[in-house]
Amino acid sequence: MNELTVPGERDSHPPAGEQQVHQYLSFILHERRYALDGLCVREIIEYQRTTKVPMANRCVHGVINLRGAVVPVIDLGLRFGQGKTEIDRRTCIIIVEVAHPDGPQTLGILVDAVSEVLEVTTAEMNPVPAFGNPIRSDFIHAMVHQQDDFIILLIIENALAVAEIAALPDGNTALSA
C-alpha cells in the first residue's frame, strides 16, 4: 500500500548538513529589535490597563485578568534598565510561558510593538559579544543580523526570572550578573 504524503511534509530530523530552523517572534522595545522563541509565546494581546501591585518591583507594570487567570505584566524596558515603556496605539502585551521550579509560569511582557515571526537557522546565530550589549549578557541567547539590523534573541527564562525580580529592591531592575 502506498503512503499518502502531504506536500511540504518533512521528517522530524533534518538531513545531515541541513540547518535546523527556529521560529522567533520579533518585537520593538525602545527602538531596538528583540526576539523570543516562538514556542514560549502563548498569544499577543492589545495593551489593556493593568491593576497596580502594591510594593512590587517597579518593572512589574501590574496584573491583568486573562480569561480568569491573574497574569503579571513586566515592563521589559524597566527590566532591561532602559526606562519606562511609553504606552501608545501599537503597545501590546506578549503572553509567554516560562519554566519555573514550581511549574510553568504565565507572564505578560509589555513591548512597544510586535514586528514579525522570524525563521532563523543556527548558522545565522552569532555569539553574544563580550561587551557593548544593551542588556545583561545572561539575557541574550544570540544575535542575528537581518535587514541591516541586529536582532537580540532573548533567553526569556533569564530575563523574566520571577524569583530574581521579586528579590530586587524597587528601582534596581537591571543589576549586572
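The chain is numbered in sequence order, starting from 1.
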| field | Same apolar cluster (I L V M F W Y, side chains within < 4.5 Å links), I140/L29 | value | yes
| said: Other residues, nucleotides and ligands only: do more than 12 of their heavy atoms fall within 6.0 Å of CD on E43? | reply: yes
| field | ILVMFWY cluster, L25 and V21 together (side-chain gap under 4.5 Å) | value | no
| Hydrophobic cluster partners of V70 (side-chain heavy atoms under 4.5 Å) | V53, V63
| query | Which pair of heavy atoms, one from Q82 and one from P134, lies closest together, and at what distance? | reply | NE2-O, 3.5 Å
| Does T91 reach the main-chain N or O of Y47 with its side chain, forming a donor-acceptor pair under 3.5 Å? | no
| task | Identify whether F27 and L118 are in the same connected component of the hydrophobic contact network (ILVMFWY, side-chain heavy atoms under 4.5 Å). | result | no
| Yes or no on side-chain contact (heavy atoms from CB on, under 4.5 Å) for V71 and I93, after CA distance, side-chain angles and deciding distance? | CA-CA 11 Å; V71 176; I93 299 171; over 6 Å; no
| query | When rounded to the nearest 0.5 angstrom, what is the spacing between CD1 in I156 and CD1 in I94? | reply | 8.0 Å
| message | Looking at D88 and R90, would you say the former's side chain and the latter's main chain have a donor-acceptor pair under 3.5 Å? | response | yes
| Transitively linked via ILVMFWY side-chain contacts under 4.5 Å: I155 with I74? | no
| note | d(R33 CZ, L153 CG) to nearest 0.5 Å is 10.5 Å
| message | Working to the nearest 0.5 angstrom, can you tell me the gap between I165 CD1 and N57 CG? | response | 7.0 Å
For a quick test of your reading: what N or O donor-acceptor pairs under 3.5 Å do the side chains of residues 98-114 make, sequence neighbours left out?
unit_1	atom_1	unit_2	atom_2	d
H100	ND1	D102	N	3.2
D112	OD2	H30	N	2.6

| task | Answer with yes or no whether the hydrophobic clustering places I152 together with V41; edges join I, L, V, M, F, W, Y residues whose side-chain heavy atoms lie under 4.5 Å apart. | result | yes
| request: Identify the two heavy atoms, one from C92 and one from I44, that lie closest to each other, and give their separation to 0.1 Å. | output: SG-CG2, 4.1 Å
| field | Student check: side-chain heavy atoms of I151 and V120 closer than 4.5 Å | value | no
| query | With a 4.5 Å heavy-atom cut-off, do H22 and D37 have their side chains touching? | reply | no
| field | N158 side-chain N/O to D138 backbone N/O, donor-acceptor pair under 3.5 Å | value | yes
| said: Before you tell me yes or no, could you show the steps for H61 and L78 under side-chain contact (heavy atoms from CB on, under 4.5 Å), namely the whole-Å CA-CA distance, both residues' side-chain angles and the distance that decides it to 0.1 Å? | reply: CA-CA 9 Å; H61 188 73; L78 289 173; over 6 Å; no
| query | Any sub-3.5 Å donor-acceptor pair from S26's side-chain atoms to E116's backbone N or O? | reply | yes
| task | State, with a plain yes or no, whether a side-chain heavy atom of E164 is found less than 4.5 Å away from one of R79. | result | yes
| request: Look at the rings of Y24 and H141 and say which category their plane angle falls in: under 30° parallel, 30 to 60° tilted, over 60° perpendicular. | output: parallel
| Is the F80 to Y34 ring centre distance short of 6.0 Å? | yes
Sequence neighbours left out, cut at 3.5 Å: what donor-acceptor pairs do the side chains of residues 122-131 make with other protein atoms?
unit_1	atom_1	unit_2	atom_2	d
T122	OG1	Q19	OE1	2.2
E124	OE1	T121	N	2.7
E124	OE1	T121	OG1	3.3
N126	ND2	M143	O	3.3

